[in-house]
Protein chains: 2
Amino acid sequence: MEMKSAVTALGALAQETRLSIFRLLVEAGPEGLCAGDIGARLGVPAATLSFHLAQLASAGLVQARQQSRFIFYSADFEAMNGIVGFLTENCCGGRPCPPARARRKKTTAS
Amino acid sequence: MEMKSAVTALGALAQETRLSIFRLLVEAGPEGLCAGDIGARLGVPAATLSFHLAQLASAGLVQARQQSRFIFYSADFEAMNGIVGFLTENCCGGRPCPPARARRKKTTAS
DNA sequence: TCCATATTTCTATTATCATCGAAATGACAG
DNA sequence: CTGTCATTTCGATGATAATAGAAATATGGA
């Protein structure tokens, strides 16, 4: 992941509604949720939701797939891991350090 | 880390200059770098740099400390790990899943 | 085909952000 | 103190983003 796509992805997440959507989809797992369900759960009007889903999709953070009458959105976990890696890349010049150890502890769950 | 501070932090990183600054500081480790050095390395005018450093600081992503005539900025690794945790929290409903395994592999380095 | 409903596009309004020169402030050395 | 140099504040300008109602566009069941 290079700078530009990282900025785009972070910008997509830097908004309360979108961050809520994304976290909901991360929790939902690979199956995802359909647009209507997302809107209902978060209390977001359809037009607003569509706008934000488009932003997340164009940032590469979520994927859409049609399933019967519904469009299911799911988190792109590879992209998410890419951002995490980009932020923590070469931490402390690559030397062993407490920050990496703490991070390892957290992200090892599940 | 709750929603609001996460949005603020992500917003602080969702900008090319600031993301570059932050990554530079992550690489620099706990010592950090003084403002002038950051500006010189990234080719950012002093006024612009100061603006962005203030944003990063108020988002809790960097810390400043005076050292002789210079002000040293360093990444707040705890905040960084907090964001990572917030994004990946409860991934796939907490069930074991490939995304978490892939992430573990990446963040285990150093 | 035709309708019900899921989702998107259009549009306008309002608000926030990035940039950087110039001037002001702050801190230290001598 | 005083001059020097590091950093911040001010201010003006241009650009991008969030919101949601109304209308348009799919999609698939009957």
Side-chain angles (χ1 to χ4, degrees), chain A residues 3-25 28 31-76, chain B residues 3-25 28 31-76:
Chain A
M3 183 62 57
K4 239 167 220 174
S5 60
V7 167
T8 304
L10 289 165
L13 294 173
Q15 207 282 334
E16 188 161 342
T17 303
R18 283 197 297 268
L19 185 51
S20 301
I21 294 169
F22 184 75
R23 276 166 39 96
L24 190 59
L25 293 178
E31 304 292 304
L33 293 171
C34 71
D37 282 358
I38 299 171
R41 290 204 200 198
L42 300 180
V44 177
T48 304
L49 178 68
S50 184
F51 170 78
H52 289 304
L53 282 171
Q55 301 253 119
L56 286 168
S58 96
L61 286 166
V62 308
Q63 286 168 342
R65 70 177 196 286
Q66 185 99 26
Q67 184 165 312
S68 147
R69 305 229 271 194
F70 308 90
I71 298 179
F72 275 72
Y73 287 90
S74 55
D76 185 318
Chain B
M3 183 63 56
K4 240 169 217 173
S5 61
V7 168
T8 305
L10 288 165
L13 294 172
Q15 209 280 334
E16 187 161 344
T17 303
R18 283 197 298 268
L19 185 52
S20 301
I21 294 170
F22 184 75
R23 276 166 38 97
L24 190 59
L25 292 179
E31 304 292 305
L33 294 169
C34 72
D37 281 358
I38 299 171
R41 290 203 201 199
L42 300 179
V44 177
T48 303
L49 179 68
S50 184
F51 169 78
H52 288 305
L53 282 172
Q55 301 252 117
L56 286 167
S58 95
L61 287 166
V62 308
Q63 285 168 343
R65 70 177 195 286
Q66 186 99 26
Q67 185 165 312
S68 148
R69 298 164 83 144
F70 308 90
I71 298 180
F72 275 72
Y73 287 89
S74 55
D76 184 319

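Below, all heavy atoms of this structure are taken into account, side chains as well, without hydrogens, waters or symmetry copies. Chain letters run A, B, ... following the sequence lines, proteins first and then strands; every chain starts at 1. Keep in mind that what you see is a predicted model, and the values were worked out from it rather than measured.
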For a quick test of reading the model: is some side-chain N or O of A:H52 closer than 4.0 Å to OP1 or OP2 of D:dT19?
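Yes, such a contact exists.
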Using a 4.0 Å cut-off on heavy atoms, which residues in residues 31-41 of chain B reach DNA chain C? List them by number, or say none.
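None - not one residue of the stretch has a heavy atom sitting under 4.0 Å from the strand.
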Would you say A:L25 and A:I38 make side-chain contact, with heavy atoms under 4.5 Å?
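Yes, close enough: below the 4.5 Å cut-off.
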Which angle, to the nearest 10 degrees, lies between the helix axes at the two ends of the helix from C:dT1-D:dA30 to C:dG30-D:dC1, each defined by five pairs?
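Computed from the C1' atoms at both ends, the axes differ by 40°.
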Closer to the 5' end of DNA chain D via nearest nucleotide, is it A:Q15 or A:F70?
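It is A:Q15, whose closest nucleotide lies nearer the 5' terminus.
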Got a list of side-chain donor-acceptor pairs under 3.5 Å for residues 60-74 of chain A, not counting sequence neighbours?
from	atom 1	to	atom 2	distance (Å)
A:Q63	NE2	A:D76	OD2	3.3
A:R65	NE	A:Q67	OE1	3.4
A:R65	NH1	A:E31	O	3.0
A:R65	NH2	A:E31	O	3.1
A:R65	NH2	A:Q67	OE1	3.3
A:Q66	NE2	A:S68	O	3.3

Determine the minimum heavy-atom distance between [X] and [Y], stating which atoms define it.
X	Y	result
A:A35	A:L49	O-CD2, 3.1 Å
A:A12	A:A59	CB-CB, 3.7 Å
A:A14	B:A14	CB-CB, 4.4 Å

Which residue pairs pass the salt bridge (Lys or Arg N to Asp or Glu O under 4.0 Å) test with at least one member in residues 4-24 of chain B, sequence neighbours excluded?
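For residues 4-24 of chain B: A:E89-B:R23.
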Between N or O atoms, less than 3.5 Å apart, protein on one side and nucleotides 20-26 of chain D on the other: list the pairs.
from	atom 1	to	atom 2	distance (Å)
D:dA20	OP2	A:T48	OG1	3.2

Those residues of residues 53-61 of chain A lying under 4.0 Å from DNA chain D by at least one heavy atom
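Per residue number, the list reads A:Q55.
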Separation between [atom1] of [X] and [atom2] of [Y], rounded to the nearest 0.5 Å:
X	Y	atom1	atom2	result
B:R41	B:L33	CZ	CG	5.0 Å
A:D37	A:L24	CG	CG	9.0 Å
B:L56	B:T8	CG	OG1	12.0 Å
A:S58	A:L53	OG	CG	11.5 Å

Of all residues at least two apart in sequence or in a different chain, which pass the side chain to side chain contact (heavy atoms under 4.5 Å, CB included) check with A:T17?
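Testing A:T17 for side chain to side chain contact (heavy atoms under 4.5 Å, CB included), a comparison that skips the adjacent residues, returns A:Q15, A:I21, A:V44, A:H52.
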Side-chain donor/acceptor of B:R69 to base of D:dT7, under 3.5 Å
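Check fails, no donor-acceptor contact within cut-off.
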Earliest and latest nucleotide of DNA chain C, 5' to 3', sitting under 4.0 Å from a non-hydrogen atom of chain B?
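For DNA chain C, the relevant span reads C:dA18 to C:dC28.
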Answer with base, sugar-phosphate or nothing: what part of the nucleic acid does B:F72 contact at a heavy-atom distance below 4.0 Å?
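Nothing, no heavy atom under 4.0 Å.
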Atom CG of A:L49 and atom P of D:dA18: how far apart are they, to the nearest Å?
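Checked: the CG to P distance equals 14 Å.
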